[in-house]
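The sequence lines fix the lettering, A, B, ..., with proteins before strands; numbering per chain opens at 1.
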Amino acid sequence: MEFDGTRLRAERLRKLRELREQGVNPYPYKYTRSHRNQELQEKYKDLANDTETEDVVSVCGRVMNERNTWMFVDLFDESGKIQLFCHKANLPEDALKRLRLLDKGDFIGATGTIRRTKQGEISVKVTKYEVLAKSLQPLPDSWDGFKDVEARYRQRYVDMIMHPSVRENFRKRALAIRYIRNFLDERGCLEIETPVLQVEAGGADARPFVTHHNALDMELYLRIATELHLKRLIIGGFERVYEIGRIFRNEGLSTRHNPEFTMMELYWAYGDYNELMDLTEELVRGLAVHLTGSTKIKYQNTTIDFGQKWRRLSMVQAIKDATGLDVKAIKEYEEMRDTALKMGIELKHEDSRGAIINAIFESKCEAALIQPTFIIDYPVEISPLTKSHRRNRDEVERFEIFVFGRELANGYSELTDPEEQRTRLEIQALKKAAGNEDAMPLDLDFIMAMEYGMPPTMGIGIGIDRLVMLLTDSASIRDVIAFPTMKPLHKDRDDEEHTHK
RNA sequence: GCGUCCGUAGCUCAGCCGGUAGAGCACUCGGCUUUUAACCGAUUGGUCGCGUGUUCGAGUCACGCCGGACGCACCA
């Protein structure tokens with residue numbers, strides 16, 4: 001990050017100095033405006049061209065453009081643009097000269113009367129103005145824009161200044177999260193926060209981040225899911241609990257993965273996965289309408305319709321539809337393995353029968369699931385926290401939602417039998433001991449909690465970032481995370497500086 | 001982690017087979033004044049991501065490193 005030595009910055013520092021020499025505080029404390037810019041655009045939208053009013057207003061915001069040597073100024077606040085008209089007839093001599101000490105990027109406040117120019121631009125005919133913040137850094141050229149993707153992520157604030165649509169994504173993200181909270185709260189759910197720092201990270205198949213607690217002198221893990229604690233709350237007597245919180249998984253980065261992301265997990269007593277599918281469908285459909293005004297959305301030039309009843313399809317049936325293969329007819333593990341290998345699917349040595357079926361599904365079916373689809377009834381081996389299917393012991397009552405070929409949510413009838421839970425987690429622990437870093441640890445306290453008795457419960461996790469991606473037509477998860485994880489620049493130098501301290 | 005591509009002025013980009021680093025915009029100065037990227041004129045601005053090598057000579061070629069985009073893998 002370059003902070004000095006540039007001409008453009010030196011020029012702005014000179015202007016800053018001159019402002020101070022003239023007795024102007026370039027960083028004042030407060031400004032009281034009468035209107036937001038967009039309010040004025042709406043209030044005067046019917047004002048005829050080349051018409052003046054007596055209405056006095058005060059506006060403020062960031063200067064983004066200037067024409068005719070500061071006679072016309074484009075001022076942006078969060079709501080939008082208003083043009084300032086700074087004519088010499090209306091401004092005192094010193095204020096007129098001082099315009100030359102302004103730069104694009106400065107914040108100013110201005111007072112004047114409303115007029116509409118011949119060209120139809122609603123403007124404030126400025127009689128006085130004040131500097132609210134002098135900007136020292138030059139903004140990217142507004143015509144060419146700010147296209148360097150890396151720079152846009154590293155300096156997201158500049159990206160937001162230059163592209164109101166970037167801010168719009170984060171506004172929609174905030175609206176989405178608020179909508180989900182309202183939806184759940186209206187149905188008697190309670191949001192309760194669970195620990196981020198954990199002695200063992202469970203509840204999902206993922207590698208955790210490790211950190212260190214100094215006073216206890218012990219390693220702690222950042223959570224990879226909220227599941228096991230939210231279930232303890234169900235056991236504790238809450239009937240409907242959820243948490244919208246940050247999850248951390250120590251995995252690769254991609255357009256669909258950020259090491260920290262936001263997940264909504266909900267646990268609801270006395271319901272099963274059938275009821276949960278209905279509830280989830282209602283939530284997502286309502287959210288789509290709330291954010292976009294329609295159940296039909298455009299994502300990457302594909303129309304996705306959340307409106308009609310979503311298809312529900314078992315994993316076994318999905319595989320049969322896509323490949324003709326009936327995995328249920330294959331009983332022997334070796335035969336299953338050979339079949340998958342012949343289909344060109346890469347398998348790890350320790351893959352179980354269920355994991356192979358899932359691998360076939362992922363490689364042959366997922367990508368084609370464009371419209372919202374519930375894939376239901378997963379193999380038991382890959383679902384250690386899910387209740388066995390009421391009609392089939394090889395499967396569990398689990399669904400995942402797929403949209404645009406991507407997994408959006410994962411829900412199930414929760415396993416509530418403590419002895420079976422212990423057995424399932426012991427198998428996971430064996431896998432972990434055998435070197436599978438993604439396998440779950442044996443959380444004895446969780447099993448103890450379940451032994452006190454856990455009611456039938458339905459539970460779901462929804463990836464908020466991916467949901468917002470869909471609803472904002474964002475190709476990359478970085479477009480819906482304000483400050484995505486980036487490698488630092490000059491890593492070697494930074495390391496050296498730290499070791500010298 | 002692997003593969004492909006990318007990194008040149010504040011921004012957006014040229015730069016051919018290796019031969020004195022360029023343009024537009026921005027900035028500064030002057031002129032003009034009811035614009036819609038205002039216009040006219042002049043000036044200014046560079047660690048060519050970093051390093052090593054080849055060469056009389058490297059933005060350009062080779063190798064290594066740093067950072068990024070996309071794809072694959074892992075996963076949500």
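For the pair Asp50(A) and Lys118(A), the salt-bridge criterion is not met [side-chain N within less than 4.0 Å of a carboxylate O]. Ionic pairing of Arg312(A) and Glu281(A) is present here: one or more N-O contacts between side-chain nitrogen and carboxylate oxygen are shorter than 4.0 angstrom. Salt bridge status for Glu11(A) with Lys15(A): absent, with no side-chain N to carboxylate O gap under 4.0 Å.
For C70(B), the OP1/OP2 oxygens have a side-chain nitrogen or oxygen of Arg478(A) closer than 4.0 Å. Phosphate proximity of G10(B) to Arg9(A): absent, as no side-chain N or O sits under 4.0 Å from OP1 or OP2. Checking the phosphate oxygens (OP1, OP2) of G67(B), a side-chain nitrogen or oxygen of Lys487(A) falls inside 4.0 Å. Between U34(B) and Arg115(A), no contact under 4.0 Å exists linking OP1 or OP2 to a side-chain N or O. One finds a side-chain N or O of Arg67(A) lying less than 4.0 angstrom from the OP1 or OP2 phosphate oxygen of A38(B). Proximity of Lys15(A) to the phosphate of C27(B): no side-chain N or O atom is located under 4.0 Å from OP1 or OP2.
Between the side chain of Asn68(A) and the base of U33(B), a donor-acceptor pair under 3.5 Å is found. Under 3.5 Å, the side chain of Gln83(A) and the base of U35(B) form at least one donor-acceptor pair of N or O atoms.
Relative to the side chain of Lys147(A), the nucleotides A38(B), U28(B), C13(B) differ in distance, and C13(B) lies closest. Closest contact between the side chain of Ser476(A) and the listed nucleotides C70(B), U34(B), G10(B) involves C70(B). Comparing A69(B), U44(B), U33(B) against the side chain of Arg7(A) picks out U44(B) as the nearest. Picking from C29(B), U36(B), A26(B) the nucleotide with the shortest atom distance to the side chain of Lys104(A) gives A26(B). The listed nucleotides are G71(B), A69(B), G67(B); the one nearest the side chain of Thr255(A) is G71(B). Closest to the Asp141(A) side chain, of the nucleotides C25(B), C11(B), G10(B), is C25(B). Out of U35(B), C29(B), C32(B), the shortest distance to the side chain of Arg14(A) is found at C29(B). With C27(B), A73(B), U35(B) as the candidates, the nucleotide lying closest to the side chain of Gln119(A) is U35(B). Of the candidate nucleotides C74(B), G67(B), A69(B), C74(B) has the atom nearest to the side chain of Asp438(A). Between U35(B), A26(B), G68(B), one nucleotide has an atom nearer to the side chain of Met486(A) than all others, and that is G68(B).
Nucleotides G45(B) and C40(B) have their P atoms positioned 23 Å apart, rounded to a whole Å. Rounded to whole Å, the C1' atom of A23(B) lies 7 Å from the corresponding atom of A14(B). Only the P atoms considered, C66(B) is 44 Å distant from C29(B), to the nearest whole Å. Separating the P atom of C6(B) from that of A62(B) is a span of 12 Å, rounded to the nearest Å. Going from the P atom of A42(B) to that of G24(B) covers 11 Å, rounded to whole Å. With both ends at atom C1', the span from G15(B) to G19(B) equals 14 Å, rounded to whole Å. A gap of 15 Å separates the C1' atoms of C61(B) and C16(B), to the nearest Å. Using P as the reference atom, U20(B) and C48(B) are 16 Å apart when rounded to the nearest Å.
The nearest heavy atom of RNA chain B to Phe85(A) and to Glu407(A) marks one nucleotide each, and the one closer to the 5' end goes with Phe85(A). If Glu52(A) and Asp103(A) are placed on RNA chain B by their nearest nucleotide, the residue sitting closer to the 5' end is Asp103(A).
Aromatic ring centres of Phe209(A) and Tyr221(A): separated by at least 6.0 Å. In this structure, Tyr412(A) has its ring center at least 6.0 angstrom away from the ring center of Tyr273(A).
Asn49(A) comes within 4.0 angstrom of no nucleic acid atom, judged by non-hydrogen atoms across all strands. Nucleic acid contact class of Glu346(A) (heavy atoms, under 4.0 Å, all strands): none. Within the nucleic acid shown, Asn65(A) comes within 4.0 Å of sugar-phosphate atoms alone, with no base atom in reach, counting heavy atoms only. Among the protein residues, Glu265(A) comes within range of no part of the nucleic acid, since none of its heavy atoms lies under 4.0 Å from any strand. Note on Asp74(A): nothing from the nucleic acid sits closer than 4.0 angstrom, heavy atoms only. The residue Gly145(A) sits close only to the backbone: its heavy atoms come under 4.0 Å of sugar-phosphate atoms, none of a base.
The two residues Gln300(A) and Ser474(A) come nearest to each other via the heavy atoms NE2-C, 4.0 Å. Contact detail for Tyr129(A) and Val126(A): the closest heavy-atom pair is CB-CG1, 4.1 Å.
Base orientation for C17(B): syn, the chi torsion being within 90° of 0.
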| request: Applying side chain to side chain donor-acceptor pair (under 3.5 Å), run through Arg173(A) and Thr262(A) and close with a yes or a no. | output: CA-CA 11 Å; Arg173(A) 183 184 173 117; Thr262(A) 301; 3.1 Å; yes
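One atom, CD of Glu366(A), and another, C1' of A73(B), lie 14 Å apart when rounded to the nearest Å. To the nearest angstrom, C1' of U28(B) lies 13 Å from CD of Glu66(A). The interatomic distance linking Glu150(A) (CD) with C11(B) (P) rounds to 12 Å, in whole Å.
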| said: Reading 5' to 3' and counting Watson-Crick or G-U wobble pairs with both distances under 3.5 Å, write the dot-bracket notation for RNA chain B, | for bases paired outside the strand. | reply: (((((((..((((.....[..))))..((((.......))))......(((((..]....))))))))))))....
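Between the side chains of Arg311(A) and Gln371(A), no donor-acceptor pair is found at a separation under 3.5 Å. Remark: the Ser79(A) side chain and the Gln38(A) side chain contain no N/O donor-acceptor pair separated by less than 3.5 Å.
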